[in-house]
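Please read these numbers as outputs of a predicted model, since none were measured by experiment.
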Amino acid sequence: MIFQRIESEGLAHWSYILGSGSTAAVVDPRRDFGVYVDIARRAGMRIEHVLETHRNEDYIIGSTALAAAAGARVWHADAELEYAYGNTAEDGQTWKVGDFEIEAIFTPGHTPGSMSYLVRDPDGNPWICFTGDALFAGDVGRTDLMGMDRAGDMAGMLYDSIFGRLLPLGDGVIACPAHGSGSVCGSGISERLWTTMGLEREHNPMLRYTERDAFINAAAVELERPPYFREMERLNLQGAPSAEPLPLPPALSPAEFEEAAEGAFVLDTRMELGFGSAHVPGAQSIWKGGLASFAGWILPYDRPILLVTEEEDPSDAVRILVRLGYDRFAGTLAGGMLSWHTSGRDSASIDTITVQQLCGKLDAGEDLQVLDVRSDGERESAGSIPDALNIHLTMLPERADEIPGDRLVLIFCGSGMRSMAAASWLARRGHDNLGVVLGGLSGWTSGSCRLEL
């Protein structure tokens, strides 16, 4: 038999493959689906069932592409939605996977029609439950996606699903959620890589609210909603095309790149120091490790993307972007910024200073504005800078008019990477008196500007 979790970096998306005998099933597959086909092939199995726990919002699901490649059938949740593909899973429905049986369990709350899938061992005992976004390690699914006017009702459904259907399966049942720590689908997901119903009953802070009203009050909260969620919801109803093989962009000479940039969006995935020193004019900085978290807040879907990368092979960046539904790639800069410079083309830059230099400027009373793009939680735990303008990076498009244009703006985040993303976004909109602060609060030395804890 096989039982394996596949982790998609950045998105903290977890999918699973279960197989026995000659048959396998995949739960919540990602768009670049080759990994499941390879695992099944090596085990001498055929993927016959593709099961979705809910209509996903944060990544493109690969059900239709995997089913087409493997000859499998797709079973989706959220029956009230108008899917263009697959079949609707029903509460109590079962599937055979070799010696195992999988049973659908209706667990609404995160979405109105969410499903979990219980695996019974050959003796009929409950063994594994794929809980989707209903129950995570250390958290429960967000209930605000249908709007805050329905969050209370959704939280009530989630309470009934968890306390009435999932926890009664037994403390020893392995809980397999669709996300790990870092996902935008839960605000407090823990670092437990594997968990059980019993561990969650004992250690999950949200499950301490055993009274229904108390749980609803704690769960019916509004979290940040990335703008790309709407595009994911749309694509995950119609069924996205395959991302296997990856749509690798062509390598372009500096002249070809410059010509293509007139109608494209230039994305630079290098680290903040390289970008700050020199970049293609008009480029947006999002370092490669931050693409999954921030690309969906900043990148448009209606323009092709041109890439500037640290490596000659852009496949890592492309893989993350296609999982978010970005399919249109106009090209990548062959030879990187070195070729751009040796071709004699101008580049832009963004000034950087150390956190100690920022402290010196504040102590000297210089006329400047600190823009802190950390989250509320980071400021609460690590400390706030007095008189700073606090706008989380993800909220920059909505609150850009609050940023002064008549004085120096120094952008702070704790390392410089998010700050450079914010600075490049502002520079593309005409802000030309910007600087990025390198380093975090551990180097804070200001005597006149004491941190607020």
Side-chain angles (χ1 to χ4, degrees), residues 1-9 11-78 83-90 93-105 107 114-121 127-134 174-180 183 185 194 232 235-237 239-246 319 322-323:
M1 67 158 291
I2 53 173
F3 171 47
Q4 189 169 336
R5 179 175 69 205
I6 291 84
E7 301 179 17
S8 299
E9 64 279 0
L11 291 170
H13 163 228
W14 291 354
S15 55
Y16 303 87
I17 182 169
L18 172 75
S20 173
S22 61
T23 305
V26 175
V27 180
D28 290 334
R30 68 192 189 193
R31 192 179 181 192
D32 44 322
F33 61 84
V35 60
Y36 314 106
V37 175
D38 290 343
I39 291 171
R41 183 184 294 118
R42 287 196 298 269
M45 298 178 183
R46 177 176 176 269
I47 298 172
E48 293 188 356
H49 312 295
V50 178
L51 307 176
E52 297 182 6
T53 58
H54 63 290
R55 192 270 307 275
N56 285 272
E57 305 86 12
D58 61 317
Y59 69 95
I60 295 291
I61 199 160
S63 300
T64 55
L66 173 58
R73 295 185 70 185
V74 179
W75 299 88
H76 53 69
D78 292 304
Y83 282 88
Y85 66 92
N87 314 275
T88 299
E90 297 181 1
Q93 183 175 354
T94 60
W95 298 265
K96 291 294 290 184
V97 178
D99 293 331
F100 301 105
E101 182 180 82
I102 302 177
E103 178 186 351
I105 301 176
T107 51
S114 294
M115 286 284 180
S116 296
Y117 297 98
L118 173 66
V119 180
R120 297 184 183 276
D121 70 16
W127 175 37
I128 298 166
C129 189
F130 302 108
T131 58
D133 283 20
I174 301 169
C176 293
H179 294 286
S183 169
C185 291
W194 294 98
M232 300 300 94
L235 290 172
N236 283 336
L237 286 181
S242 173
E244 292 279 359
L246 284 177
R319 182 173 290 106
V322 298
R323 290 173 183 169

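- Put simply, the side chain of H13 gets close to the backbone of D28: a donor and an acceptor are under 3.5 Å apart.
- Rounded to the nearest 0.5 Å, atoms CD (E101) and CG (D121) are 11.0 Å apart.
- Inter-residue side-chain proximity for S8 and Y59 is flagged as unmet; no heavy-atom pair is nearer than 4.5 Å.
- Looking at T107 and T131, their side chains never come closer than 4.5 Å, going by heavy atoms from C-beta outward.
- To the nearest 0.5 angstrom, I17 atom CD1 is 8.5 Å from Y36 atom OH.
- Using a 4.5 Å heavy-atom cutoff, the side chains of H179 and D133 are in contact.
- The structure places CH2 of W75 at 11.0 Å from CE of M115, a figure rounded to the nearest 0.5 Å.
- Under a 3.5 Å cut-off, the side chain of N236 and the backbone N or O of N56 do form a donor-acceptor pair.
- In this pair, Y16 and F3 present their aromatic rings parallel. The plane angle is below 30°, not in the 30 to 60° band.
- Here the closest non-hydrogen pair linking A69 and F33 is CB-CE1, 3.5 Å.
- Summarising the geometry of S183 relative to A12, their closest heavy-atom pair is N-CB, 3.7 Å, with the distance given to 0.1 Å.
- Partner of E9 under the salt bridge (charged side-chain N to carboxylate O under 4.0 Å, His left out) criterion, chosen from R323, R30, R319: R323.
- Residues E52 and D78 form no side-chain contact, since every pair of their non-hydrogen atoms from C-beta on lies 4.5 Å or further apart.
- Taking each heavy atom of Y85 and S63 in turn, the nearest pair found is CE1-CB, 4.3 Å.
- The two atoms that bring G19 and F100 nearest to each other are O-CE1, 4.4 Å, heavy atoms only.
- Contact check for K96 versus T23: no side-chain heavy atoms found under the 4.5 Å cut-off.
- For E90, the CD atom counts as loosely surrounded, since its 6.0 Å shell holds 12 or fewer non-hydrogen atoms of other residues, nucleotides or ligands.
- Summarising the geometry of P29 relative to S15, their closest heavy-atom pair is CA-CB, 4.2 Å, with the distance given to 0.1 Å.
- Judged purely by atom type and a 3.5 angstrom limit, E244 uses its side chain to pair as donor or acceptor with the backbone of G34.
- Donor-acceptor pairing under 3.5 Å is lacking for the side chains of H76 and Y83.
- Judged by distance alone, with hydrogens and angles left aside, the side-chain atoms of D99 form no donor-acceptor pair with the main-chain N or O of V97 at under 3.5 Å.
- The shortest side-chain heavy-atom distance between C176 and W194 falls under the 4.5 Å cut-off.
- Between L18 atom CG and W95 atom CH2 the span is 13.0 Å, to the nearest 0.5 Å.
- Judged by distance alone, with hydrogens and angles left aside, the side-chain atoms of R46 form no donor-acceptor pair with the main-chain N or O of A40 at under 3.5 Å.
- Here the side chains of I6 and V26 are not in contact, with every heavy-atom distance at 4.5 Å or above.
- Closest non-hydrogen pair, R31 versus A243, comes out as CG-CB, 3.7 Å.
- A heavy-atom distance below 4.5 Å is found between the side chains of V37 and L66.
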Q: Would you check, one step at a time, whether the test side-chain contact (heavy atoms from CB on, under 4.5 Å) holds for I128 with F130?
A: CA-CA 7 Å; I128 298 166; F130 302 108; 4.0 Å; yes

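- Checked against I102 for a side-chain contact (heavy atoms from CB on, under 4.5 Å), the options V27, L51, L118 give a single hit: L51.
- The CZ atom of R55 sits 10.0 Å away from the OG atom of S114 when rounded to the nearest 0.5 Å.
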